[in-house]
Amino acid sequence: MIVKKKILIIILSICLSCSVIFGTDIALSVTPGSLITGTNYQPGAHVTVGTKIGLTPRIELGLDAMTEVVPNPFGSFRYCLYFGYDLLGPRYFRNGNAGFAINSVLNIGVAGLNTLVPDTVFIKFSPVTIGMVAQERREHLFPFGIGYDFINKEFCFWVSVVSYDFYI
Amino acid sequence: MKKNLTILLFVFIFIFKLTAVQMPYSLGYELGITGISDKQNNGKSGVVFGLVYTPFDFQVMNPSLKAETVLAWNKTDIGFQDYRLIVNVDLVRTINHPFGFLWSNPFAWCPSIGVGIQKNSDNRVLGYLSLSPLKFMDKDFIYEWFSPFVVLSPTVEQWGIVLLSFSSLVV
């Protein structure tokens with residue numbers, strides 16, 4: 001577990017370094033309501049908080065933590081580590097101009113339930129995002145995803161109404 | 001029982017309409033995501049569909065009416081299971097609040113409490129209490145985040161959280 005924590009810290013340190021070196025953006029993200037299916041997930045509701053770090057104007061690295069709030073608050077913990085790519089255009093331009101205010105984002109990554117060992121690979125898609133770095137916030141409307149749990153050998157689905165990014 | 005609820009709904013709307021201050025938009029629809037737990041700690045996921053009626057424009061103690069149903073599911077079952085009629089009261093409405101960073105445009109913060117009745121799938125009518133500490137609105141839209149609720153008989157039969165609710169006033 002200590003080794004895994006170190007790996008996580010190293011990954012975050014590299015991300016932060018890239019962000020500082022390349023002068024990119026950092027966002028805190030909140031997804032107030034998420035519904036998810038799968039053998040390991042109780043029906044109920046989940047909340048996700050996380051951070052996104054801009055590696056390039058079109059690529060972000062995200063780390064999310066999803067926890068159950070109903071019926072057992074904080075009864076389970078799931079992390080997601082993923083890369084996101086802005087499909088329609090950059091979040092900002094290197095010459096200082098504002099980026100695309102309307103966008104779509106494709107995320108690919110891994111997730112793990114109650115442990116840092118990944119058990120799921122997933123693709124997550126935000127069909128419409130509104131906002132940009134210059135506005136310090138971005139809303140992802142109707143994000144949804146599909147994952148493959150290679151421990152239980154099953155697909156799981158994930159959906160929400162909206163997800164918020166607050167750039168700092 | 002369904003007939004009684006329908007009559008009650010129309011009576012409420014009639015009374016509200018008679019006494020209403022003219023608002024630009026007062027009637028709209030609601031969409032939300034919720035999680036519900038029963039006494040045995042069995043969870044259900046759900047989507048809330050509703051109608052919202054906000055006839056008044058009071059700065060303090062502003063009442064409104066909601067009629068909701070929940071499409072809820074667990075691993076074996078899915079269906080519309082709860083029907084609710086709720087009177088909400090916005091305790092105060094202000095644009096001077098600490099949550100301005102959440103919005104690009106100014107939104108009013110109007111924390112509210114709700115009291116109502118809920119008809120369950122077993123046709124019992126129970127009491128319903130809710131709290132919306134993070135409720136924001138402008139003239140067309142209402143957002144509510146993390147609104148807990150309990151269903152009482154008079155002990156707690158169900159509890160849950162409406163994680164996110166979005167209402168659009170269209171008429």
Side-chain angles (χ1 to χ4, degrees), chain A residues 27-49 66-76 98 101-102 128-144 152 154-168, chain B residues 29-49 70-79 81 99-105 107 130 132-136 141-151 156-168:
Chain A
L28 299 177
S29 66
V30 179
T31 309
S34 301
L35 306 176
I36 188 167
T37 68
T39 304
N40 290 328
Y41 299 99
Q42 266 216 75
H46 299 76
V47 168
T48 305
V49 295
M66 176 189 281
T67 187
E68 184 182 331
V69 288
V70 178
N72 300 305
F74 307 107
S76 66
I102 307 291
V128 178
T129 71
I130 299 172
M132 54 185 163
V133 179
Q135 293 175 326
E136 298 178 347
R137 59 179 64 77
R138 180 155 82 154
E139 297 176 6
H140 299 245
L141 303 181
F142 298 106
F144 61 92
N152 293 302
E154 65 172 9
F155 285 96
C156 58
F157 300 94
W158 174 95
V159 66
S160 187
V161 175
V162 67
S163 175
Y164 300 93
D165 291 344
F166 300 103
Y167 289 95
I168 54 178
Chain B
Y29 62 87
E30 178 199 17
L31 181 68
I33 281 186
T34 185
I36 305 165
S37 175
D38 63 15
K39 278 196 289 195
Q40 288 77 38
N41 221 26
N42 297 316
K44 281 193 172 184
S45 304
V47 177
V48 180
F49 300 95
V70 181
L71 176 65
W73 62 89
N74 57 19
K75 290 185 177 177
T76 57
D77 191 23
I78 184 169
Q81 66 164 32
F99 305 107
F101 69 94
L102 295 172
W103 309 101
S104 301
N105 301 321
F107 264 70
S130 66
S132 292
L134 295 174
K135 179 177 178 180
F136 301 92
F141 299 107
I142 302 169
Y143 291 91
E144 294 171 72
W145 294 334
F146 305 118
S147 307
F149 65 85
V150 290
V151 179
V156 175
E157 288 273 324
Q158 289 179 348
W159 69 275
I161 299 176
V162 179
L163 295 168
L164 171 72
S165 167
F166 164 79
S167 303
S168 175

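Keep in mind that this is a model prediction, so the values were computed, not measured. Letters go in sequence order (proteins before strands), and every chain restarts at 1.
- Inter-residue side-chain proximity for B:W73 and A:P43 is flagged as unmet; no heavy-atom pair is nearer than 4.5 Å.
- The two residues A:V162 and B:L164 make their nearest non-hydrogen contact at CG1-CD2, 3.2 Å.
- Around atom CZ of A:F74, no more than 12 heavy atoms belonging to other residues, nucleotides or ligands sit under 6.0 Å away.
- For a residue to count as touching a neighbouring chain, one of its non-hydrogen atoms must lie under 4.5 Å from one of that chain's; by this rule A:V47 touches chain B with the side chain only.
- Within residues 132-142 of chain A, the residues having any heavy atom closer than 4.5 Å to a heavy atom of chain B are A:R137, listed by residue number.
- Looking only at heavy-atom pairs under 4.5 Å with chain A, the residue among B:G35, B:G46, B:G160 that has the most is B:G35.
- For the set B:L31, B:N42, B:V162, B:L102, the count of heavy-atom pairs under 4.5 angstrom toward chain A peaks at B:L102.
- Taking 4.5 Å as the limit, every side-chain heavy atom of B:F146 sits out of range of all side-chain heavy atoms of A:V69.
- In this structure, the separation between OG on A:S160 and CG on B:L163 is 8.5 Å, given to the nearest 0.5 Å.
- Note on B:S45, B:S37, B:A72: by heavy-atom pairs under 4.5 Å with chain A, the leading option is B:S45.
- The contact between B:K75 and chain A is made by backbone and side chain atoms together, counting heavy-atom distances below 4.5 Å.
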